Amino acid sequence: MTVFKTIKNKIISILGDRQGTTLVEMIVSFALLGILLASAATVIATITTMHYSISGEIYSREVSDIIMEKIVSEIDGAQYLENPDDNPKIIDNTSVTLFDKTGTYVTLSADSEKNGLKVHYHGIEYINNGMKDEVNSRDPEDWYFDETMYKGFLVEEIKFYGCGSGNVNGNDVSTYGLPSGTLSDYNGNVVLVLLKLRSDKYGEYKYYRYVKMYNVPEEYDWSDS
């Protein structure tokens, strides 16, 4: 009993000697708390920025890949025909016109109103015995991706450059991180496609792709188109 009594007296003695929290201790505590909160806010802001950056890169890449695959599917099968007027043509670097692998006359460009890729299928009219063949003829048609595919991104520009001889080496090429003279490093049957996407949420992203036209001669001269 003596031992327990001694311990009890020590506890009472310790508790009895305790003092209240001083003003200095409170100031130090709040200062430390402020530092911790500021550090936490910085970490959260950094993580949030990284999240948006990574999300923007992922989503823009997905949109870019879908757009580029559609462009490639039209360009890589471009026909090389006897009439030079029917061969691939690039106009002001903003559109490319060609006969695709199905024999359809197509123009690819960016649509400023819909802020997306526009594929214009030109009309084809067949005449049999002096009358229009309704079965094989086709009216002009514009094709677009569904708006949801773009995930909130807008197509700010799509530009086309023919490689090899007769190309136009514009300033746009260097702004995409490509070295000067890159167009001359490829044969004439290659098209360089530049794509710029923009999102109010994620910012601006640029992509490019080289597309080879397998039915067109390597020495194709774009100045003749």
Side-chain angles (χ1 to χ4, degrees), residues 52-80 87-101 106-120 143-147 149-223 225:
Y52 274 104
S53 177
I54 295 173
S55 297
E57 188 66 42
I58 292 173
Y59 294 147
S60 67
R61 173 63 67 180
E62 291 178 356
V63 174
S64 170
D65 286 344
I66 294 173
I67 294 173
M68 286 295 194
E69 286 303 317
K70 178 60 178 178
I71 293 174
V72 170
S73 69
E74 296 290 349
I75 293 179
D76 65 359
Q79 301 295 312
Y80 183 73
N87 286 323
K89 295 183 289 293
I90 294 176
I91 303 173
D92 297 329
N93 299 115
T94 59
S95 66
V96 58
T97 300
L98 49 86
F99 278 91
D100 65 13
K101 54 192 170 187
V106 180
T107 297
L108 305 171
S109 63
D111 189 295
S112 58
E113 294 183 1
K114 291 183 176 291
N115 296 304
L117 171 66
K118 175 182 177 181
V119 182
H120 177 69
W143 183 94
Y144 301 93
F145 280 112
D146 185 86
E147 186 177 345
M149 189 283 300
Y150 289 98
K151 300 180 184 296
F153 284 89
L154 305 178
V155 173
E156 195 161 271
E157 74 174 16
I158 300 177
K159 293 205 170 183
F160 305 91
Y161 288 92
C163 296
S165 61
N167 65 65
V168 179
N169 194 350
N171 294 329
D172 296 312
V173 174
S174 60
T175 62
Y176 277 71
L178 297 169
S180 177
T182 185
L183 297 176
S184 59
D185 292 337
Y186 293 84
N187 294 320
N189 62 341
V190 175
V191 178
L192 170 62
V193 183
L194 304 180
L195 171 64
K196 183 191 294 184
L197 301 175
R198 178 176 292 279
S199 166
D200 293 337
K201 185 175 182 180
Y202 299 113
E204 180 183 281
Y205 296 86
K206 295 179 180 179
Y207 298 96
Y208 67 88
R209 188 173 297 188
Y210 292 93
V211 187
K212 182 177 180 179
M213 300 181 292
Y214 293 96
N215 298 318
V216 176
E218 291 184 352
E219 64 277 9
Y220 187 68
D221 189 342
W222 289 95
S223 63
S225 63

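In this text the structure is predicted, and so the values were computed from the model without any measurement.
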Under the 3.5 angstrom rule, does the side chain of [X] hit a backbone N or O of [Y] as a donor-acceptor pair?
{"X": "Ser95", "Y": "Asp92", "answer": "no"}
{"X": "Tyr220", "Y": "Pro88", "answer": "yes"}
{"X": "Ser60", "Y": "Gly56", "answer": "yes"}

Answer whether the closest heavy-atom distance between the side chains of [X] and [Y] falls below 4.5 Å.
{"X": "Val173", "Y": "Tyr208", "value": "no"}
{"X": "Leu98", "Y": "Gln79", "value": "no"}
{"X": "Asn87", "Y": "Val216", "value": "no"}
{"X": "Ile75", "Y": "Phe160", "value": "yes"}
{"X": "Tyr207", "Y": "Asp65", "value": "no"}
{"X": "Asp76", "Y": "Lys101", "value": "yes"}

If the test is side chain to side chain contact (heavy atoms under 4.5 Å, CB included), which one of Val191, Leu178, Leu192 qualifies with Tyr161?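 The side chain to side chain contact (heavy atoms under 4.5 Å, CB included) with Tyr161 is passed solely by Leu192 among Val191, Leu178, Leu192.
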Nearest 0.5 Å please: distance from the CD1 atom of Ile158 over to the CG atom of Asp111. 9.5 Å
So CG of Asn189 and OH of Tyr214: to nearest 0.5 Å the spacing works out to 9.0 Å
Charged N-O contact under 4.0 Å between Glu157 and Lys206: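 No, this pair does not count.
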